[in-house]
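Only one structure is covered here, and it is reproduced in the block below.
Since the structure is predicted, the reported quantities are computational estimates derived from the model, not experimental observations. Indexing begins at 1, ligand by ligand and atom by atom, following the structure's order. Reckoned from all heavy atoms, side chains included, excluding hydrogens, waters and symmetry mates.
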Amino acid sequence: MTSLPLVFDAPRRALPPRHLADVDPAERRDVARELGLPGFRLDQLARHYFGRFTADVEQMTDLPAAARETLGALLPALVTPVLEQQCDGGATRKTLWKGHDGTRAESVLMGYPDRATVCVSSQAGCGMACPFCATGQGGLERNLSTGEIVEQVRQAAAAARDGALGAPARLSNVVFMGMGEPLANYKRVVAAVRRITAPAPDGLGISARGVTVSTVGLVPAIDKLTAEGLPVTLAVSLHTPDDELRDTLVPVNNRWKVDEVLDAARRYAMATGRRVSIEYALIRDVNDHPWRADLLGRKLAQRIGKHRVHVNLIPLNPTPGSEWDASPRPVQDEFVRRVQAAGVACTVRDTRGREIAAACGQLAASQT
Ligand code: SAH
């Protein structure tokens with residue numbers, strides 16, 4: 001396996017202090033010993049944190065006061081909300097939060113009749129530089145730690161349970177579609193997925209089927225993910241089926257071409273049995289041509305297989321300073337029809353959170 005070129009490495013900024021969510025369950029006994037506590041104390045702590053979404057040791061009254069104080073060191077405030085905005089009648093809530101070093105990132109919680117989804121960030125900023133995405137314009141600030149990723153999910157789960165979306169709800173879905181390229185922060189993202197999906201007390205107990213990891217198409221990292229045996233949904237941000245345009249829309253295409261990315265997606269689908277999601281932000285007069293819809297349908301059917309793939313069209317969410325806009329409705333409808341005519345499932349994503357710049361590709365914490 002080739003390693004990722006240097007350009008994908010985050011600047012060497014200090015990651016936050018160690019958090020319980022950073023600790024692999026197999027290492028808990030050692031960490032307890034290091035803190036001078038009996039091994040089972042960390043299991044107790046984990047039951048509160050993962051099982052009840054509690055991060056305040058003072059509420060853990062079954063723990064002796066001295067142990068509470070010591071254990072508090074494993075629950076540093078990694079993700080502190082600084083601004084909450086809501087729209088869609090309270091069903092979409094964006095949180096701007098800051099990290100221990102002042103780094104800012106955003107998460108979005110969305111309620112639906114049958115589920116609640118949180119969209120989390122995996123990096124502060126992003127190094128992939130896709131020209132239509134607000135996050136991509138500022139470059140990469142740093143990777144988020146496993147603890148910072150899990151904390152976004154834990155806080156969302158607690159908020160949903162406590163009625164933030166109207167009625168108490170169980171957080172059922174986690175999508176890595178916030179700021180950052182998750183597969184460029186591979187180790188921490190995979191550890192976070194394990195913490196999110198393991199049943200309590202090792203994790204938050206969210207079904208892996210409800211977790212989606214979205215990537216620009218870092219082929220070696222997709223193959224590595226395939227080998228992890230985690231049945232999460234893989235989403236690939238394709239945005240066009242031809243290399244010429246994709247080289248500009250998704251600059252990493254200069255390194256891994258459309259066909260290579262689709263072949264990696266097929267390997268993922270075959271190994272996991274999970275349908276791969278192809279993300280396609282439809283941009284007026286840029287990538288919305290009928291011939292591109294035909295080529296997309298044909299390529300996906302040939303290279304991945306009709307029943308192993310699903311196209312998710314995202315009407316472009318305009319970002320500040322960009323001339324680009326979403327396609328007119330009839331053009332969008334024709335695009336869907338043509339992809340479906342190739343036998344490939346194709347649906348249009350709802351555009352939650354547009355008014356509060358919380359929709360796909362609009363997250364840019366530094367501008368808030
Ligand atoms: N880096 C990952 C995940 C982050 S973005 C990735 O690229 O997949 C999640 C999705 O939103 C991606 O498909 C991305 O291409 C899309 N997106 C980015 N900017 C957008 C915009 N302005 N309008 C619509 N979708 C956008």
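Using a 4.0 Å heavy-atom cutoff, Met128 is absent from the residues neighbouring ligand 1. Within the 4.0 Å heavy-atom cutoff, Ala235 does not count among the residues contacting ligand 1. At least one heavy atom of Gly178 sits less than 4.0 Å from an atom of ligand 1. Between Tyr280 and ligand 1 there is no heavy-atom distance shorter than 4.0 Å.
The closest side-chain donor-acceptor pair between Asp101 and Thr103 falls under 3.5 angstrom. Gln137 and Thr135 share no donor-acceptor pair across their side chains, judged by distance under 3.5 Å alone. Between the side chains of Asn287 and Thr240, not a single donor N or O lies within less than 3.5 Å of an accepting N or O.
Aromatic ring centres of Phe53 and His48 lie farther apart than the 6.0 Å criterion allows.
Close approach to Glu279 involves these atoms of ligand 1, each under 4.0 Å from a residue heavy atom: 13 (O). The distance from ligand 1 to the heavy atoms of Cys133 drops below 4.0 Å at these ligand atoms: 18 (C), 19 (N). Close approach of ligand 1 to Phe176 is summarised as follows: ligand atoms under 4.0 Å from at least one heavy atom of the residue are 3 (C). Proximity to Thr319 (heavy-atom distance under 4.0 Å) selects the following atoms of ligand 1: 22 (N).
Contacts with ligand 1 closer than 4.0 Å are made by side-chain heavy atoms of Ile314 only, the backbone lying farther away. Residue-level proximity to ligand 1 for His239 is carried by the side chain, the only part with a heavy atom below 4.0 angstrom. Residue contacts with ligand 1 for Thr215 involve N, CA, C or O but no side-chain atom from C-beta outward (heavy atoms, distance under 4.0 Å).
For the side-chain contact (heavy atoms from CB on, under 4.5 Å) test, residues two or more places apart in sequence or in another chain that qualify with Ser207 are Arg209. The ring pair (Phe, Tyr, Trp, His ring centres under 6.0 Å) search around Phe50 returns none, not counting sequence neighbours.
Where the criterion is an N or O separation shorter than 3.5 Å, residue side chain and backbone included, Phe132 meets it with respect to ligand 1. Some N or O of Ser214 is nearer than 3.5 Å to an N or O of ligand 1, by distance alone. Distances between N or O atoms of Gly180 and those of ligand 1 include at least one value under 3.5 Å.
The protein atom (non-hydrogen) at minimum distance from atom 6 (C) of ligand 1 is Ser237 OG, 3.3 Å. Ranking the protein heavy atoms by distance from atom 26 (C) of ligand 1 puts Cys360 O, 3.7 Å first. For atom 23 (N) of ligand 1, the closest non-hydrogen atom of the protein is Asn317 N, 2.9 Å. Among protein heavy atoms, the minimum distance from atom 19 (N) of ligand 1 is reached at Gly361 CA, 3.0 Å. Regarding atom 5 (S) of ligand 1, its nearest protein heavy-atom neighbour is Met177 O, 3.8 Å.
Taking a cutoff of 4.0 Å between a charged side-chain nitrogen and a carboxylate oxygen, Asp294 and Lys299 do not qualify as a salt bridge. The pair Glu151-Arg154 meets the salt-bridge criterion, since a charged nitrogen lies less than 4.0 angstrom from a carboxylate oxygen.
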- So Phe132 and His239, ring pair (Phe, Tyr, Trp, His ring centres under 6.0 Å) or not? Walk me through it. CA-CA 11 Å; Phe132 54 89; His239 303 313; 4.9 Å; yes
- Task: Just do the side-chain hydrogen bond (donor to acceptor under 3.5 Å, both in side chains) check on Glu279 and Ser277 with the steps written out, would you?
- Result: CA-CA 6 Å; Glu279 310 295 298; Ser277 183; 2.8 Å; yes
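For the pair Arg352 and Tyr112, the cation-pi criterion (under 6.0 Å, within 45° of the ring axis) is fulfilled.
Test Ile196, Val153, Val189 against Val120 for side chain to side chain contact (heavy atoms under 4.5 Å, CB included) and you get one pass: Val153.
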